[in-house]
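To keep things clear, I will list the structure first and then write my remarks on it.
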Amino acid sequence: LIFLGAAVFVAFPPLTMYVASIEAATSNSLGRPVKIGRLSASVYPHLGILLADVVIDTPDSKKAVIGANEANEENSSEMDQPLHIAKIWLEPDVRTLFAPRKDLRRVFVSGIVLTPEVFAALPAMLQQINGNHSEFRVAGLYFEQLALDIPKLSISPLQGLAELSETAGLSALNLQTEGRKLKLVLTPDGQRIDFEAEGRALRIPALAPVDFNSISVKGVWENGEMNVSAFDFRLFDGAIIGQAKARLEETVAVEGDLTFDHVDSGKLSTALGVENLLAGDLEGKARFSGTANEWNGILPALTVEGSFLMQRGSLTGIDLAEAARRISEMPVQGGMMSFEQFSGKMRLMSSRLRFYDLKVESGLMSSVGSAEVTSDQTLNGRMDLQMHGSVNQVRVPIVLGGTLQSPTARAVRPQRNATVVAPPTLGAGASESSATLATQAGAQTKARDVGSSSASRDNSDNILLPSVRPAQF
């Protein structure tokens with residue numbers, strides 16, 4: 001009744017003489033000491049009363065305020081800190097000013113910090129105000145310049161309206177930022193707060209250094225813990241969905257799992273500071289966890305482990321096939337490698353990014369290996385390239401180096417493993433034909449060996465591989 005009690009005095013200026021009476025009435029009704037700094041009235045643009053510098057103090061558990069409702073004491077949640085409200089604007093229905101029950105068409109609350117404790121206490125306070133025994137009735141309750149303040153996280157300024165209930169006092173609180181980029185729905189459930197959030201063209205520095213196309217989050221806040229049952233982030237033309245849990249006390253501790261699909265790897269690499277490194281759609285899944293002192297520090301504190309898959313894409317700056325063609329102490333820089341499929345596992349931390357069980361499929365070429373990127377973007381790794389489709393299978397180890405901006409690939413001398421094919425079993429009477437075929441095969445093998453040895457002596461720093469056409473998509 002902090003703002004309702006004043007309405008009865010609209011027709012009886014000057015209003016300052018009623019401040020003490022209003023404070024006493026609202027204190028008795030709420031069971032909390034109430035102080036009003038200033039009281040004034042206006043007739044333009046609407047008839048109304050302004051309460052300024054309002055303070056609702058915490059109740060005295062040992063000495064209850066006279067007139068407090070016992071049932072309200074049992075059902076309400078107590079605030080552990082005084083509630084400060086900058087302004088409360090009341091617009092009464094002039095037809096009810098002299099009626100037994102006065103109606104307030106609209107009530108605007110401006111400049112309030114909404115903590116979980118304050119929100120949990122709101123239903124009982126509003127139930128008392130709109131109760132059957134109250135002299136007042138609020139038709140609409142609106143908020144301006146509201147700051148949502150939960151441990152380690154603050155969102156402001158917000159504006160919105162309350163969905164009032166005769167039985168529960170408050171059904172839900174609908175809030176939004178200016179421009180409606182972020183919308184919040186808070187629903188009270190005892191000490192729990194159910195929440196839903198939706199946003200568009202929104203930047204959340206604690207989660208990503210770029211704008212989200214859209215976000216959708218649903219969960220519950222209870223006892224200092226935020227349980228997100230579902231989140232859906234649209235970013236880099238793809239979707240990142242999952243669930244998470246955050247413990248917000250002296251530190252911020254988060255954990256959860258996610259899947260990502262159709263993420264544009266080119267836009268992702270650009271956001272990470274390396275333009276044109278990758279091209280192709282990225283998908284996969286991961287689990288994450290981390291602890292930081294504040295939300296702004298949670299992103300570099302995360303450890304992410306999972307797997308990924310790219311199909312029909314390319315990698316710029318590294319050309320494994322070209323590195324394998326010329327075995328030299330000088331590494332190969334530049335070039336581009338197209339692939340049908342690129343997959344692997346990852347372990348990502350702020351100090352280093354580790355990729356292992358890597359596998360690249362590109363036409364007749366396949367590569368397996370691992371790579372690591374340090375915090376200064378230094379690249380280290382090894383890929384074993386293998387050519388398919390020839391009798392002599394060639395496996396070439398390739399050492400990766402340089403940086404993400406300027407990667408290098410250097411092949412070391414390969415090992416040739418001739419594939420031995422067992423001849424088919426011949427029937428009786430075929431020994432002569434078998435001997436002839438064996439003689440011809442031996443001659444051909446000897447000729448190849450001689451040619452190979454000659455090529456090796458003439459150009460020992462190069463190895464000729466079967467030509468491979470770039471993958472066409």
Side-chain angles (χ1 to χ4, degrees), residues 1-9 15-16 18-40 48-90 102 104 106-131 133-138 140-150 154 156-158 160-162 164 168-170 173 175 186 188 190-191 193:
L1 296 176
I2 183 171
F3 38 78
L4 302 179
V8 73
F9 303 105
L15 298 177
T16 53
Y18 297 107
V19 171
S21 299
I22 297 173
E23 288 178 343
T26 53
S27 297
N28 289 334
S29 299
L30 294 177
R32 296 172 170 84
V34 178
K35 293 293 181 181
I36 300 174
R38 291 181 292 112
L39 179 65
S40 60
I49 296 175
L50 178 65
L51 310 180
D53 302 327
V54 180
V55 179
I56 303 177
D57 209 343
T58 56
D60 187 345
S61 58
K62 295 182 179 180
K63 185 178 180 180
V65 180
I66 299 176
N69 186 286
E70 295 181 0
N72 200 45
E73 281 187 14
E74 295 177 0
N75 297 327
S76 65
S77 299
E78 302 298 357
M79 301 178 296
D80 56 5
Q81 296 292 332
L83 174 60
H84 296 262
I85 303 175
K87 297 177 182 178
I88 301 176
W89 174 258
L90 312 173
K102 283 72 178 172
L104 295 175
R106 295 190 297 180
V107 175
F108 292 88
V109 178
S110 178
I112 179 176
V113 177
L114 190 65
T115 64
E117 293 77 17
V118 171
F119 185 76
L122 275 181
M125 295 170 65
L126 293 172
Q127 186 178 23
Q128 174 78 3
I129 290 171
N130 272 350
H133 302 289
S134 173
E135 296 183 31
F136 307 94
R137 179 169 49 236
V138 176
L141 178 60
Y142 303 85
F143 291 88
E144 298 174 338
Q145 296 297 315
L146 180 147
L148 179 61
D149 188 14
I150 64 176
S154 180
S156 65
L158 296 168
L161 59 90
L164 302 178
L170 177 66
L173 187 59
L175 301 172
L186 307 178
Q191 295 297 321
I193 302 176

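To the nearest 0.5 Å, atoms CG (Leu39) and CD1 (Ile49) are separated by 6.5 Å. For the atom pair CD1 (Ile112) and CD (Gln145), the distance works out to 12.5 Å, reported to the nearest 0.5 Å. From Leu164, atom CG reaches atom CG of Leu141 across 6.0 Å, with rounding to the nearest 0.5 Å. To the nearest 0.5 Å, the span separating CD on Gln81 from CG on Asp57 amounts to 9.5 Å.
Closest heavy-atom contact between Gly169 and Leu126: O-CB, 3.7 Å. In this structure, Leu170 and Pro188 approach most closely via the heavy-atom pair O-CG, 3.5 Å. In this structure, Pro123 and Ala120 approach most closely via the heavy-atom pair CD-O, 3.4 Å. Closest of all the heavy-atom pairs between Ile193 and Pro116 is CD1-CA, 4.0 Å.
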Next item on the list: Show the numbers, then the answer: is there a side-chain contact (heavy atoms from CB on, under 4.5 Å) between Phe143 and Leu158?
Entry: CA-CA 8 Å; Phe143 291 88; Leu158 296 168; over 6 Å; no
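Remark: the backbone N or O of Ile36 is paired with a side-chain donor or acceptor of Glu23 at under 3.5 angstrom.
For Leu114, the side-chain contact (heavy atoms from CB on, under 4.5 Å) partners two or more places apart in sequence, or in a different chain, are Val118, Phe119, Leu122, Leu146, Leu148, Leu173, Leu186. With sequence neighbours left out, Leu50 forms a side-chain contact (heavy atoms from CB on, under 4.5 Å) with Ser40, Lys87, Trp89. Checked against side chain to side chain donor-acceptor pair (under 3.5 Å), Thr115 has the following partners two or more places apart in sequence or in another chain: Glu117.
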